[in-house]
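Scroll down for the structure; my scribbles are underneath it.
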Amino acid sequence: MTYKEDLEKFNELIESFSKLPTIGKKTAIRLAYHICTGNQFEGMKLAHNIENALRFIKPCQQCGALSENELCGICTDEERNKDTLCIVQTPKDILTIEESKSYQGFYFVLDELDSKKLNKLEQMILRQNAKELIFALPHNLNSDATIFFIEDRFKDLNLQFSKIAQGIPSGVSLENVDMVSLNKAINYRIKIEN
Ligand SMILES: [Zn+2]
């Protein structure tokens, strides 16, 4: 048996770590080593937390945010402003905007433009009688097309359309924008003329 064959499970752990975003080979080895030689209870807790996250965290049935319930804590929050609905590309963007504390309305994750998603969005607009749709999408040609498409599709719903200000550099995802810029981008959002 070679040393590599002996450490099959260790190497599989390294491989799993190196598939995670931002983790290179060196860091993966460091993490695997830490798990195998560090506090065993902490290691088991990590495994347990990963398993629980996979089992219990699902998209909110209404807005698509990450949630442990059918409806997320934002959709069920009576204190939030029902007038505004913020369109984001990924559930992660919701966490980023929430972190910036610059927005008090509701969200909708629009990861694709299929009819099922669009019907869901329409239901949500109607249910809460939303008055403004804010597009918090990364600035690129794709998002311009999406905004144009949504505006056209919901033009009869009496909505104000706006998009977050150009403080967000082109092609940069929301999570990489600093909080001050994100705050400004939301508060100084630009009205889209119909
Ligand atoms: Zn929700």
Side-chain angles (χ1 to χ4, degrees), residues 20-21 48-140 142-165 168 172-179 181-192:
L20 297 173
H48 181 70
N49 286 343
I50 290 174
E51 199 186 323
N52 271 346
L54 292 171
R55 277 178 63 194
F56 296 112
I57 301 178
K58 305 242 153 44
C60 165
Q61 289 299 306
Q62 182 166 263
C63 73
L66 292 183
S67 177
E68 294 177 24
N69 295 289
E70 203 154 299
L71 292 181
C72 73
I74 297 171
C75 285
T76 51
D77 186 348
E78 292 291 326
E79 305 283 293
R80 296 187 79 105
N81 176 9
K82 286 196 160 62
D83 289 349
T84 54
L85 195 49
C86 181
I87 311 278
V88 292
Q89 199 174 44
T90 70
K92 200 169 55 189
D93 295 334
I94 297 178
L95 296 174
T96 308
I97 296 175
E98 283 297 292
E99 193 89 345
S100 80
K101 297 191 177 25
S102 46
Y103 178 69
Q104 280 304 316
F106 291 78
Y107 296 93
F108 190 84
V109 178
L110 193 68
D111 41 9
E112 46 194 331
L113 278 180
D114 60 12
S115 59
K116 206 176 146 201
K117 266 278 144 82
L118 292 168
N119 288 338
K120 249 187 180 175
L121 174 57
E122 184 169 10
Q123 280 169 22
M124 195 168 173
I125 294 168
L126 295 175
R127 193 181 303 124
Q128 69 183 63
N129 195 16
K131 311 221 167 7
E132 183 183 3
L133 276 196
I134 303 167
F135 296 95
L137 302 170
H139 288 295
N140 56 42
N142 235 340
S143 66
D144 286 347
T146 301
I147 292 173
F148 190 76
F149 183 84
I150 299 284
E151 267 188 284
D152 190 59
R153 158 95 194 221
F154 297 126
K155 61 177 184 285
D156 298 328
L157 296 184
N158 227 342
L159 290 162
Q160 169 66 54
F161 297 99
S162 48
K163 60 178 177 180
I164 56 173
I168 310 293
V172 172
S173 74
L174 287 190
E175 64 173 332
N176 294 321
V177 176
D178 68 276
M179 288 305 160
S181 303
L182 186 57
N183 225 301
K184 274 191 187 152
I186 293 172
N187 287 315
Y188 298 99
R189 59 186 180 267
I190 303 156
K191 270 189 187 181
I192 302 170

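What you see is a predicted model; the values in this text were computed from it and never measured. Atoms within a ligand are numbered from 1 in the order they appear, just like the ligands themselves.
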For Arg153, what residues pass the side-chain hydrogen bond (donor to acceptor under 3.5 Å, both in side chains) criterion, not counting sequence neighbours?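 Counting only residues at least two positions away or on another chain, Arg153 forms a side-chain hydrogen bond (donor to acceptor under 3.5 Å, both in side chains) with Asn119, Glu122.
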
Protein N, O or S atoms at less than 2.8 Å from the Zn ion (ligand 1), how many?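 Protein heteroatoms (N, O, S) closer than 2.8 Å to the Zn ion (ligand 1) number 4.
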
Pairs meeting criterion ring pair (Phe, Tyr, Trp, His ring centres under 6.0 Å) with involvement of residues 49-108, two or more places apart: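 Sorted result for residues 49-108: Tyr103-Tyr107.
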
Gln128 side chain to Lys82 main-chain N or O, any donor-acceptor pair under 3.5 Å?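 Checking the backbone N and O of Lys82 against the side chain of Gln128, a donor-acceptor pair under 3.5 Å is found.
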
Show your working on salt bridge (Lys or Arg N to Asp or Glu O under 4.0 Å) between Lys117 and Asp114 and close with a plain yes or no. CA-CA 6 Å; Lys117 266 278 144 82; Asp114 60 12; over 6 Å; no

Considering residues at least two apart in sequence or located in another chain, which fulfil the side chain to side chain contact (heavy atoms under 4.5 Å, CB included) criterion with Lys92? Thr90, Glu175

Does any non-hydrogen side-chain atom of Cys75 lie less than 4.5 Å from one of Met124? yes

